[in-house]
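Let me begin by presenting the structure, written as structure tokens, before commenting on it.
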Amino acid sequence: MGQSETKSGKRKLNTALNAVCPYFTMFPLEFPYRILQQYASRGEAVLDPFAGRGTTLYAARLNGLPAYGIDSNPVAVAISQAKLANTSSGRVIRACATILDEYRTPKRVPTGDFWKNAFHEDVLHMLCRLREGLLENCESDARKALRAILLGALHGPLNKCEPSYFSNQCPRTFAPKPAYAVTFWRKRRLLPPDVDIVSIVRRRAQRCFADEVTVASGVALQGDSQRASSFVLPKRVSWIVTSPPYYGMRTYIPDQWLRWWFLGGPDTVDYSNAHQLAHTSQTVFGDGLRQVWSNCASVAKPGCRLVVRFGAINDRKVDPAQLIKESLQDSAWRLLTLRNAGSASAGKRQADTFVSSSDPIEEYDVWATLAV
Ligand SMILES: C[S@@+](CC[C@H](N)C(=O)[O-])C[C@H]1O[C@@H](n2cnc3c(N)ncnc32)[C@H](O)[C@@H]1O
């Protein structure tokens, strides 16, 4: 039921599916899991309007609660949808085989220095076949799970023993910019590995779906949470556990450009940042957040709890606590507590292989309730 017993008799969370694909500034599963475990009642629905990789949705699933997620980044939505997939490793592996059987020649394979150095020719060819098959049809839970497994394995470090990733040396968490990556690989004479995609998928599917996970109910939707029209939920929610983009962190799409390409985006870095909260000034950002809280209120039950983990990144001089407090002022939400949650550890970013400029700093946890 999403947890297994250790030798000491302590309950251990099943985190394999949660780790299907890394994402920026994800919060630890324990954070939403413990809140929902301690305070939520049976049947209460949970919402995350900045779902990211779907940690809150997965925590709700482990607690047997219906979960809804919204995110404007298609990469986040694809990963979140896998957190709610009711499937098995066998079905995922079969979905992979079916696509490869049906799509034998890709219509389009990206060309150029980056692509030649990032992936072995045969690996890229097979990736394009899987990409086209999934773009054509990604309806079933098995295909949604497969898609997230492929996204998770798309880029990462070269392993000395069994390969786990499809790419040449890369960070796992974000995709390197092409010119930088090509220079990096050439300088070190790093060549893209000729990996067996199917066996990597098999191993990852068996890991993610090894334990029986509680049956999920809910949806992860792509949308701009600043718009009321994005909040079409089947049920009013009693819990909102979320973490908005940290102030100054606005590169979710360009940093995930390779995964976005796999989902149908361009084969070059996409800097458009469509439907992300604007970071042009604190006021503009705060107004965007206020709008999201107001939309949340419109789908919340009276007494609903809003729990927000929020921070800022190093190169922006703001007081995140003040910013989050202001975003809740004159809203339907009544602030209950605001606590310092400590500092985000660098390990969470896992961006060790290439340089990263935006390490998170102080984080705060805010609890508010919907005024009755
Ligand atoms: C801090 S991350 C959430 C991480 C999440 N808690 C997790 O554990 O994976 C913030 C998310 O907000 C999303 N986002 C930013 N602006 C948005 C908007 N206007 N509407 C919906 N999602 C948005 C980003 O794409 C990003 O995935």
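One-based numbering along the sequence shown. Note that ligands are numbered from 1 as they come in the structure, with each ligand's atoms numbered from 1 the same way. Values below: every heavy atom of this structure, side chains too, minus hydrogens, waters and symmetry copies.
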Please give the N or O to N or O pairs under 3.5 Å between ligand 1 and the protein, distances rounded to 0.1 Å.
from: ligand 1; atom 1: 8 (O); to: F27; atom 2: N; distance (Å): 3.0
from: ligand 1; atom 1: 8 (O); to: T55; atom 2: OG1; distance (Å): 2.6
from: ligand 1; atom 1: 9 (O); to: R53; atom 2: N; distance (Å): 2.8
from: ligand 1; atom 1: 16 (N); to: L277; atom 2: N; distance (Å): 3.0
from: ligand 1; atom 1: 19 (N); to: D224; atom 2: OD1; distance (Å): 2.9
from: ligand 1; atom 1: 19 (N); to: Q226; atom 2: NE2; distance (Å): 3.3
from: ligand 1; atom 1: 19 (N); to: H275; atom 2: O; distance (Å): 3.0
from: ligand 1; atom 1: 20 (N); to: S225; atom 2: N; distance (Å): 2.9
from: ligand 1; atom 1: 22 (N); to: S72; atom 2: N; distance (Å): 3.2
from: ligand 1; atom 1: 25 (O); to: D71; atom 2: OD1; distance (Å): 2.7
from: ligand 1; atom 1: 25 (O); to: Q276; atom 2: NE2; distance (Å): 2.8
from: ligand 1; atom 1: 27 (O); to: Y23; atom 2: OH; distance (Å): 2.6
from: ligand 1; atom 1: 27 (O); to: D71; atom 2: OD1; distance (Å): 3.4
from: ligand 1; atom 1: 27 (O); to: D71; atom 2: OD2; distance (Å): 2.7

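- Taking the six-membered ring where tryptophan is involved, the planes of W115 and W257 are perpendicular, since the angle between them exceeds 60° and thus also 30°.
- Applying the salt bridge (Lys or Arg N to Asp or Glu O under 4.0 Å) test to pairs two or more places apart or on separate chains, those with a residue in residues 269-289 are D287-R290.
- A distance of 9.5 Å separates CG of L124 from OG1 of T111, quoted to the nearest 0.5 Å.
- Donor-acceptor pairing under 3.5 Å is recorded for the side chains of N159 and S164.
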Which atom pairs, donor and acceptor, lie under 3.5 Å between side-chain atoms of residues 88-101 and protein residues at least two apart or in another chain?
from: S88; atom 1: OG; to: R91; atom 2: N; distance (Å): 3.3
from: T98; atom 1: OG1; to: R94; atom 2: O; distance (Å): 2.8
from: D101; atom 1: OD1; to: R104; atom 2: NH2; distance (Å): 2.6

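- Chaining together hydrophobic side chains whose heavy atoms lie under 4.5 Å apart places L84 alongside L57.
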